[in-house]
Structures are given as C-alpha cells and as structure tokens.
K.L.:
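Have a look at this one.
Any value given below was found using the heavy atoms of this structure, including those in side chains, with hydrogens, waters and symmetry copies removed. All figures in this text were calculated on a predicted structure; none of them were measured in a lab. Residue numbering restarts at 1 for every chain, and letters A, B, ... go by the order of the sequence lines.
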There are 2 protein chains.
Amino acid sequence: MRPTVHDIAAKAGVSLATVDRVLNGRPGVRAVTRARVEDAIEKLGYVRDVAAANLAKGRVYPLVFIIPEGENPFMRGLEAEVKLAATRSSFERTRIAAVHVPPFDAPALVQAIDAAVAEGVAGIAAVAVDAPEVAEAIGRARAAGVAFVTLVSDLAASARDHFCGVDNVAAGRTAGSLMARFLGARPGAVAVLAGSMLVRDHRERLEGFAAVMAEAFGGRRVLDVLEGQDEPERARALVGACLAAHPELAGIYSLGAGNAGLVAALEAAGRGDVCVIAHEITEPTRRGLEHGIIDAVLNQDAGHEVRSAVRVLRAKADGLPVIAAQERIRIDIFIKENLLQPLDETGTAQAAEA
Amino acid sequence: MRPTVHDIAAKAGVSLATVDRVLNGRPGVRAVTRARVEDAIEKLGYVRDVAAANLAKGRVYPLVFIIPEGENPFMRGLEAEVKLAATRSSFERTRIAAVHVPPFDAPALVQAIDAAVAEGVAGIAAVAVDAPEVAEAIGRARAAGVAFVTLVSDLAASARDHFCGVDNVAAGRTAGSLMARFLGARPGAVAVLAGSMLVRDHRERLEGFAAVMAEAFGGRRVLDVLEGQDEPERARALVGACLAAHPELAGIYSLGAGNAGLVAALEAAGRGDVCVIAHEITEPTRRGLEHGIIDAVLNQDAGHEVRSAVRVLRAKADGLPVIAAQERIRIDIFIKENLLQPLDETGTAQAAEA
DNA sequence: AAATTTCTGATTTACGTACATCAGAAATTT
DNA sequence: AAATTTCTGATGTACGTAAATCAGAAATTT
C-alpha cells in the first residue's frame, strides 16, 4: 500500500497537522521539524494522492477555448474535442467552456479574450490571429493572472504562456520531402493552395515546403500561392484555373482548408496523376485519400492538442512547471494504407483487426 | 456544481442507502422505487465521481506484463513504458508488475502465465508467442477469472480478451505502398529482412507487403526472406551477403528488429541509394533516418499500447465493455522531417518550436 | 389477523487529503 | 521569572462515494 500522511506523521513523530503544514508550505513549522518531516516523506517515498487532494480541495478551474466559427472541418473537429474534454472535465475539477469568434478577425478575438478575463476564468486557449492588438489583449489577460495558450496557430512567443500545436515549418518540410520523393525524376512545377498568408501557420508551412523544393534535384518550380480563404468554392475555382493553365503540373500542396473544393477540381479535370499532399484528416481529405486523389495527408491530432492545452493551463494556473517534451504535438503522416476507419457516433467500433 | 448521490436521494425522495443500491446494482429495491431513482439520475444528469468512488472502494488491480528479455530495443522501450505506467499506477488503484521471459519461448511464457494466475493477479498482458500451448495457458487464466490481453504480437483471436497492437497486415501494406512510391519506375528487386517467420506479427507484415509489391507496376520481385532472429550481427551478415549477391537491389524492407546490423551493412557497402523501410523508432532506426540510410520508419507507440492494455485489463476485470475504437493503435509513419527529437532522461525538453 | 419475508430509511465508518480551530508546549523576548 | 511570541498537537469537518448495520415499514404468505 502507498504511504499516507498518517504514515509520515508516525515516522516523523509529529502530528498530522504538522505534516499538512509541511506538505502545503504553510507557516508555523520550525526548520528542524520541517526537515524531519521531509526526511520521512523522502524515506517513505510518499506521493500525494491527487484524487483525494482534489476531492478535499473542491477547487475548480474555469477554462475557456476560443475557436473560429465557420465550416472549416478541422476547426469543427477541434470544437468537438473541446466538447469531449468538457464532459470529462468535471472529473478533473475543471470547467471547460467554448466560445466562437469569426475566423481571421482580430478585434473579435480581442473582445472574446477581454470578456473571458472579466468573467474571471483561470485560463484561456485560443486559435490566435497574429496581430499586435491580440498580443496586447493576451498581455492584459496574463497581467490579470489568467494563463494563456495559443492553439494550432501561434503568435509572438513572448505574449503567451505556451503554444499547443505542431512545428509548422517542419510540417512544410515534411510535405516537401514527401512530394519530392513521390515525384522522383518526374518533371513539372508544383502549386500551393493556402487559406491566407495572413495566418502564421500557413506562412510557416509554405516556408518549410519552399525550402525543400528549392533543395530537391536542383530546384523544382513552385507556382505563386493560391489563396482560397479556406473556402471550398474558391479553392475549386482557383485549382481548376491553375490545372487548365498548367497542363504539365506535377503536384499540389494544400496547406490550409477548403480541400473539398480541391478534390472536386481534380476530379472534374480528371487529373488523378497529380501528386497531392494536404493537411488534416477530415471528411474530404479522407475521401480523397481513399479514392487516390490525395496521396498523403499530414495531420495534427486535435484531441492531443486540446488535452495538452488543458494540462498546460491547469499547470500554469497552479504555478507549476510544464514538461515541454511531454506536450509536443506530432505531425502524423497518413497515406491510404495506414488510414484508420473513422469512429462511428457511438464510439462502438468496427473491428481493429480480424 | 455536479449533482451528487445526495441530490439524487433528495430528488427521488429516498435515502442514500437506496440510491447506493440502485447505483451499484445491489438487491433490495422494489422495481417502482428503482425506476424513481433511475429517473432522478437521468434528470439530474448524474455521473459518478470515479475518483471519489475509487477512493472509497480502495480496490486495487494487480496486473502483470510479461515481456521478452534480450536486447531488442523496441522491447526495452516497451518495458520502460510499463515501468512508467507502474509509477503512475498507484493513482489509478492499479499495481503493475513486469516479468521477463526468453523471446520466442512458448514453454517459458506458459510458465509465466500460470505463475501469475497462481499469484492471484486481476489481469495479464503478454507479448504472445503463437503456439497452441500458449493458447491453452491463456484459456486456463481466463477460466480462473483473470483478464488477458496480447501485446504487440497476437495469437488466435478466441484465446484472449483483446489485442493491444497494430494491424500488422495494414502495416505491411503501408510499407509496400511507400516503397512502391519511393522507387517509382526504378527497376530492381526488393529484399525483406525479418526476425523469424514463427511470430505472427512478422508473418502478417510480410503478407501485406508482398501483396502490394505484387500489385505495383505489374509486380516487383521480392527476394527470399532473410531471417535475422532480431539479432544485429546476423542481420548485418545476411544483408551484407544479399547486397553483394544483388547489385541491382532497389529496396529493403526490415519488418523486425536487428536494425543496427542492417544500417551497418548498408554503410559498409556504401549503398545509400537503396530504399530502406524499417519498423519502430529506436536508436539505430533514428540514426538511420537522420543519416539518410533509412527512408521511412513505421512505428507503433509503445506508450499507447501499454496504456491501452491497462485500460482494457481494468475494464475486463470489472466486467465493463471495451470501446474498441478508442483502443485502436495507429501505425505512425516517420521520415527524417517529422521525426521529433528524443526526450532526455529527465523529461525536460529541447524546445518544440522557436 | 398474525407471522413472515422483502424492502427501505437512517446512521455510521471509511478512503486520503485539505483546512480550520483551539489549547498547550516550547522558544524567545522583556 | 514573567510575558510574549512562535510552534506543535489534538481534534473535527469536509469532499463524494462505498459499504455495512439495524430498525422499521410495507408487502406477502399462512
């Protein structure tokens, strides 16, 4: 059995109250006594039972997730993960709420942040828009003692406590490397479909991708970026026009959303030969992979990101250190063959293996 | 605040004792009363506070992990994850122990299983050897009310409660698909380095890989399997001989361990041009990726597998259902560009991003 | 209607920790 | 030595649930 506070008290020859004072850093213990207690803690290998401690404390951490609204399926998936975390949250003495803001809208984000701070939350996670006024709002929040993490897309490192998301430069390099290998010696330029060059994650992905393209085989030509605003219809039109204008096109890297339009344009043009790499496993990219339209999908696990954000916010709210290595989010590579089937609504599953 | 048992009692107009009987399926409650209580539970949206329940129960689940000994780095990593789970285990009212058996040794495994059952454990997780005597031992364990899951390598589905590992046929197909794309139109046969065709996971990977090779571009020749017994030195000798005998060799699929030998042989022969796909991120495969000797590594996350095994064993021990979809283990693909740096011993990390 | 069985309520203890109160001991100051 | 301050012990309550006991009510049987 694990040692308890009673065991420490007995071993150190002090009362429970004194042990409690030492454990919780309360005043009123002489240095020698404190040392005796700490020695006993050490020798017994005592570890606090967090479950019991939380039960006794009854403290709750109100957290807010600020998420862009709209039809971007990755964001909707992210929101679903937040909801899921919210249902589990009561067990972890955490109360999680989600609020919506229009995408790419810095003033709206600022307002949401200030509102959350006014409500007295313990921590905020937000998909950041990279703007000075947002950095200022985050500064106000942190000055008010509210922990702040950025989710998926980051901004200047100094403003927030932590970034919960992938290394997007590395993601771009990964896409570039796969593209280079899949294409091999095949000639032809590659196109890039982005949402907007105003958001940091898209800029970083492009940077990584372009760097690898420049290195590969003496350099492969990258066409001007198509900005589809993450909207399927615009993406369809842009890609369609690009395919028509460049019959020799060898590959497309889609680093944002709106992939339903991308797939539609490729199908309409009958260009299954184009090597396509996209981001995030969503309904359209999954279908694209299965039908051979998309060759590879890079994914960031939204569930991991949300859970990491909750852990980090709680740690920051308690003034505890964050183990950065533990909170790193992987860049997952999916091709047709390692794609798992989606879970059905109930969570009861298709067999994993025969 | 979340509703508690007291709220249910008040709402249903019954006592705490009756609520407790309903919640825990104890006898002594009339059908009408039970319905009233269940109605109140439903209406209030009551969810049991597991932490408090476990605290009150004080029940512990002794679990045993049976792991092959020897220098296979994946198995050593797996063991490290078990140790990690063991340190956390006391919080989850679980006591986890690890025992060693020689690899590929059915009688030793049988003995270890019987010993664990005799000790009165609640569940066993084992890297299975696919032999009838092992299936019988598992049958005895389950007849004695001990939950049993296979880890990493499976055997006949009927014998165990659950398999915690990847779909190895799909893993082989993934490897094949990557190999086909990386090679493109380049001619040449591919070699396969396995540990032993006696273990099921290696057989299944080969099956998936060979199937894709047969489909690709009218069929690419797969040489006879090299069985290196997962030992680096044997692997080095086998691969060295194969490279000498087949100067036109285009690719090598290493589906088992012993990859230190594989990398050494390739380096000695100066054959950086050969496309190499291996399994499991370990010290040698990581180095191979970084140096460009290995092109891709398929990985199963040992930590996920161990945690999944613990969850499943506890659920089975309690007679609860397992959400299979939640317990599926992904096949991760790593190339040089998406490889995360290893954590250092303390877990304090290198920066994830700038 | 009496006796029996089956259900239900009230109450208590426990799990491991947090936290508060109060009295008394020890150390320090006057 | 007396007065004060600082430390320590003893004790109790709380968190939300589990589990046990015992008394009394309701239903069933005789």
K.L.:
Within this structure, what is the CG-to-C1' distance between A/D20 and D/dG9, rounded to whole angstrom?
P.N.:
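In whole Å, D/dG9 C1' lies 13 Å from A/D20 CG.
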
K.L.:
Name the closest nucleotide to the B/A17 side chain, picking from D/dA18, C/dC19, C/dG9.
P.N.:
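Among the listed nucleotides, the one closest to the side chain of B/A17 is C/dG9.
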
K.L.:
Can you tell me how far C1' of C/dG16 sits from OH of A/Y46, to the nearest Å?
P.N.:
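That distance rounds to 7 Å.
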
K.L.:
Under a 3.5 Å limit for both distances, which nucleotide forms a Watson-Crick or G-U wobble pair with D/dA26, could you say?
P.N.:
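Partner of D/dA26: C/dT5.
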
K.L.:
Assess the residue pair B/E81 and B/H304 against the criterion (side chain to side chain donor-acceptor pair (under 3.5 Å)); give the C-alpha distance rounded to whole Å, side-chain angles, the decisive distance to 0.1 Å, and a yes or no.
P.N.:
CA-CA 9 Å; B/E81 289 294 342; B/H304 287 184; over 6 Å; no

K.L.:
Decide yes or no on salt bridge (Lys or Arg N to Asp or Glu O under 4.0 Å) for B/R2 and B/D7, but give the supporting numbers first.
P.N.:
CA-CA 9 Å; B/R2 286 172 57 189; B/D7 300 321; over 6 Å; no

K.L.:
Among C/dT17, D/dT8, D/dT17, which is the nearest nucleotide to the side chain of A/H6?
P.N.:
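Of the candidates, C/dT17 comes closest.
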
K.L.:
Which of the following nucleotides, D/dA19, C/dT17, C/dA10, is nearest to the side chain of B/K57?
P.N.:
D/dA19

K.L.:
Roughly how far, to the nearest 0.5 Å, is NE2 of B/H162 from CZ of B/R311?
P.N.:
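Going from CZ on B/R311 over to NE2 on B/H162, the span is 9.0 Å.
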
K.L.:
How long is the line joining CZ of B/R2 and C1' of D/dG16, in whole Å?
P.N.:
9 Å

K.L.:
Show your working on side chain to side chain contact (heavy atoms under 4.5 Å, CB included) between B/I124 and B/L313 and close with a plain yes or no.
P.N.:
CA-CA 7 Å; B/I124 303 173; B/L313 285 176; 5.9 Å; no

K.L.:
If you check the A/R26 side chain, which of C/dT17, C/dT8, C/dC19 turns out closest?
P.N.:
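So the nucleotide nearest the side chain must be C/dC19.
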
K.L.:
Side chain of A/N24 only, please: which of C/dA18, D/dT8, C/dG16 is the nearest?
P.N.:
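Of C/dA18, D/dT8, C/dG16, C/dA18 is nearest to the side chain of A/N24.
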
K.L.:
Given atom CG of B/L55 and atom C1' of D/dT17, what is their separation to the nearest angstrom?
P.N.:
8 Å

K.L.:
At less than 4.0 Å, is any side-chain N or O atom of A/R30 found next to OP1 or OP2 of C/dA27? Yes or no.
P.N.:
yes

K.L.:
Expressed in angstrom and rounded to an integer, what is the separation of A/D49 atom CG from D/dG16 atom P?
P.N.:
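After rounding, the gap between these two atoms is 16 Å.
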
K.L.:
So what's D/dA19 paired with, Watson-Crick or G-U wobble, going by both distances under 3.5 Å?
P.N.:
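WC or wobble partner is C/dT12.
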
K.L.:
Expressed in angstrom and rounded to an integer, what is the separation of B/L23 atom CG from D/dG16 atom C1'?
P.N.:
12 Å

K.L.:
So what does A/G28 hit on the nucleic acid, given a heavy-atom distance under 4.0 Å: a base, only sugar-phosphate, or nothing?
P.N.:
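Contact class for A/G28: base.
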
K.L.:
Taking all non-hydrogen atoms of both residues, which atom of A/L63 and which atom of A/T94 are closest, and how far apart?
P.N.:
CD1-CG2, 3.6 Å

K.L.:
Given D/dA18, D/dG16, C/dA10, identify the nucleotide with an atom nearest to the side chain of B/T4.
P.N.:
D/dG16

K.L.:
Want to settle it: does A/L16 or A/R21 sit nearer the 5' end of DNA chain C, counting the closest nucleotide to each?
P.N.:
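Result: A/L16.
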
K.L.:
Starting at atom CD1 of B/I8, determine the distance to atom P of C/dG9, rounded to an integer number of angstrom.
P.N.:
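These atoms are roughly 14 Å apart.
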
